[in-house]
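Numbers restart at 1 for each chain; the letters A, B, ... are given by sequence-line order, proteins then strands. Quantities reported herein were computed from a predicted structural model and do not represent experimental measurements.
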2 protein chains.
Amino acid sequence: MEMATRTDPSAKPRLPLSRERVLHAAITLADEGGIESVTMRKLGQKLGVEAMSLYNHVANKEELLDGMVDSIMGAINDAVGEIEVRSGDWKTAMRRRVLSAREILLRHPWAPGLIESRTNVSATMTGYFDSLIGLLREAGFSIDLTHHAMHALGSRALGFAQELYDDSQELDPEEMTTFLQQMAGHYPNIAWMIQEITHDDYTTLGWCDDQAEFEFALDLILDGLERSRARA
Amino acid sequence: MEMATRTDPSAKPRLPLSRERVLHAAITLADEGGIESVTMRKLGQKLGVEAMSLYNHVANKEELLDGMVDSIMGAINDAVGEIEVRSGDWKTAMRRRVLSAREILLRHPWAPGLIESRTNVSATMTGYFDSLIGLLREAGFSIDLTHHAMHALGSRALGFAQELYDDSQELDPEEMTTFLQQMAGHYPNIAWMIQEITHDDYTTLGWCDDQAEFEFALDLILDGLERSRARA
DNA sequence: ACCTGAACACCGTTCAAGT
DNA sequence: ACCTGAACACCGTTCAAGT
């Protein structure tokens, strides 16, 4: 057994842990292996430290997850802050902010699910929503309509819509044929839809162009809100 | 130590476990204590059985959760099946189906989060969506617009919109005042909105009437879709 | 065919002990 | 002030053993 009576000179001076380093490491860990791979033990390992050391910088795992959301929202606020608003055109300003938030969230596929599962509200997220509400307010939205608008947008205001179906499975033409035949028996209408869509466009392997669908729904809502505003 | 050489006559003949009984117990367990209280051990305890016995009726926990979603979706399909469709009025038919699905989901607050977290698709859910697509199809929607419509509705088709903020905290008037003052400093626009809304209506303790907000957003989307349909 | 008990590999978290 | 090692109370899941 070897006693470390003097410090090993070959040990490079490890830069000390900090809340920022912990959060950053957690985010890259989630980027690499999904949110379920973010455990205190694995996170400690990535930082070259025992899991228990993390508790000096983060109260517990809940606070760690809250911090991750807050960090992502900070990046969104930074990006959105650089978009200038041409007065009188609330719709394109809102559209740009939302799509810019979406760009950042797309880099962190685990973030939408985490955001929705959080029960504590992130302060930076509140700041983001405050800026959106301010946009509507200046555009002459009534209080009630502003409130309705935020509910109608929901998570779309942050740039994501939770997909209920995962269409990322790649099927070769033969598999696709038998799949569609099975579908047609039980679910004729879905089969009708998928068949035509995939027939139209063979270039996309997934059935849906998520970005196009997101923008369609976003514009549908924004147009509806503008109509309500103008009517008032 | 007491050996059970003969069966205890006072032991009532336990009705045997079955997949249905397991799923039903899991659902009531989630209703009582939230989804995080559904563990194999607690579920076994509720059924008077060791956790390991469950594996005779359910492959693993993932399959258990899938089964719970499937069971809820079955109830929705049953309820929706009783709604007759007056031809030519797709909008109120869709509205009724969605709000009827919502009624069932409201009884199981854990269900929306579970549905969104599932990566496997429930067969019964596919059936539900097939019926909605059929409704639009018969109403003369083009394939593309039908597809857009399903994306625009998203989880709203099932009757829920994930709330990003939890407003269920009850504050007495005094707490509310100091809360609003803090808000006003950092988030002037949110403060503006909340203040007016809570001032308007003291009868609702939460800031929002979730049902009203849900219906507003639903109608906004349905109206937008009808406009697109008529334009084509 | 179904249920059990012990065991395994993981969790988050505590606490006293080290430096 | 920060980090560690051992321990605790939980997980999901396996496997051989019982009936």
Side-chain angles (χ1 to χ4, degrees), chain A residues 1-9 11-26 29-30 33-69 110 114 117-120, chain B residues 1-9 11-26 29-30 33-69 110 114 117-120:
Chain A
M1 186 193 301
E2 159 185 22
M3 302 295 284
T5 46
R6 53 177 188 175
T7 44
D8 181 358
K12 45 185 169 185
R14 212 170 46 186
L15 77 158
L17 235 48
S18 69
R19 194 181 149 84
E20 277 65 40
R21 278 194 70 215
V22 169
L23 290 182
H24 185 260
L29 198 58
I35 193 69
E36 73 277 13
S37 74
V38 178
T39 71
M40 298 306 265
R41 282 171 166 86
K42 284 186 195 159
L43 183 52
Q45 196 178 333
K46 189 172 188 78
L47 287 160
V49 107
E50 295 297 312
M52 300 73 203
S53 305
L54 303 171
Y55 287 86
N56 288 311
H57 303 95
V58 136
N60 49 35
K61 192 174 182 185
E62 288 292 285
E63 216 223 41
L64 172 73
L65 296 176
D66 284 340
M68 290 170 73
V69 170
W110 47 271
L114 186 59
S117 75
R118 295 288 77 198
T119 153
N120 298 337
Chain B
M1 187 193 301
E2 160 184 21
M3 303 294 283
T5 46
R6 52 177 188 174
T7 43
D8 181 357
K12 44 186 169 185
R14 212 170 46 184
L15 77 157
L17 235 47
S18 69
R19 195 181 147 84
E20 278 64 41
R21 277 194 70 215
V22 169
L23 291 181
H24 185 260
L29 198 59
I35 193 69
E36 73 277 13
S37 74
V38 179
T39 71
M40 299 304 267
R41 282 172 167 85
K42 284 185 195 160
L43 183 53
Q45 197 178 332
K46 189 173 188 77
L47 287 161
V49 106
E50 295 299 311
M52 300 74 203
S53 305
L54 302 172
Y55 287 86
N56 288 311
H57 303 96
V58 137
N60 49 35
K61 193 173 180 184
E62 288 291 285
E63 216 224 41
L64 172 74
L65 296 176
D66 284 341
M68 290 170 72
V69 170
W110 46 271
L114 186 60
S117 75
R118 293 289 79 197
T119 154
N120 298 337

Rounded to whole Å, please give me the gap between [atom1] in [X] and [atom2] in [N].
X	N	atom1	atom2	result
Glu50(A)	dC3(D)	CD	P	11 Å
Arg21(B)	dC2(C)	CZ	P	14 Å
His57(A)	dC3(D)	NE2	C1'	10 Å

Where do N or O atoms of nucleotides 12-19 of chain C meet protein N or O atoms at under 3.5 Å, pair by pair?
from	atom 1	to	atom 2	distance (Å)
dG12(C)	OP1	Met40(A)	N	3.4
dG12(C)	OP1	Lys61(A)	NZ	2.8
dG12(C)	OP2	Met40(A)	N	3.0
dG12(C)	N7	Arg41(A)	NH1	2.5
dG12(C)	O6	Arg41(A)	NH2	3.0
dT13(C)	OP2	Tyr55(A)	OH	2.9
dT13(C)	OP2	Lys61(A)	N	2.9
dT13(C)	O5'	Tyr55(A)	OH	3.4

From [X] [atom1] over to [Y] [atom2], what is the distance, rounded to the nearest 0.5 angstrom?
X	Y	atom1	atom2	answer
Leu23(B)	Arg21(B)	CG	CZ	12.0 Å
Met68(A)	Arg118(A)	CE	CZ	9.5 Å
Leu29(A)	Lys46(A)	CG	NZ	5.5 Å
Lys61(B)	Thr39(B)	NZ	OG1	6.5 Å
Arg41(A)	Met52(A)	CZ	CE	5.0 Å
His24(A)	Leu47(A)	NE2	CG	10.5 Å

**Study point:** Side chains of Leu17(B) and Asn56(B) in contact at under 4.5 Å (non-hydrogen atoms)
**Key:** no

Review point. Who pairs with Glu20(B) by side chain to side chain contact (heavy atoms under 4.5 Å, CB included), at least two apart in sequence or on another chain?
Key: Ser18(B)

Review point. Within the pair Ser53(B) and dC2(C), is there a side-chain N or O less than 4.0 Å away from OP1 or OP2?
Key: no

Exercise for review: Report the secondary structure of DNA chain D in dot-bracket form, marking unpaired bases with a dot and bases paired to a different strand with |, and treating Watson-Crick or G-U pairs with both distances under 3.5 Å as paired.
Suggested key: ||.|||||...|||||.||

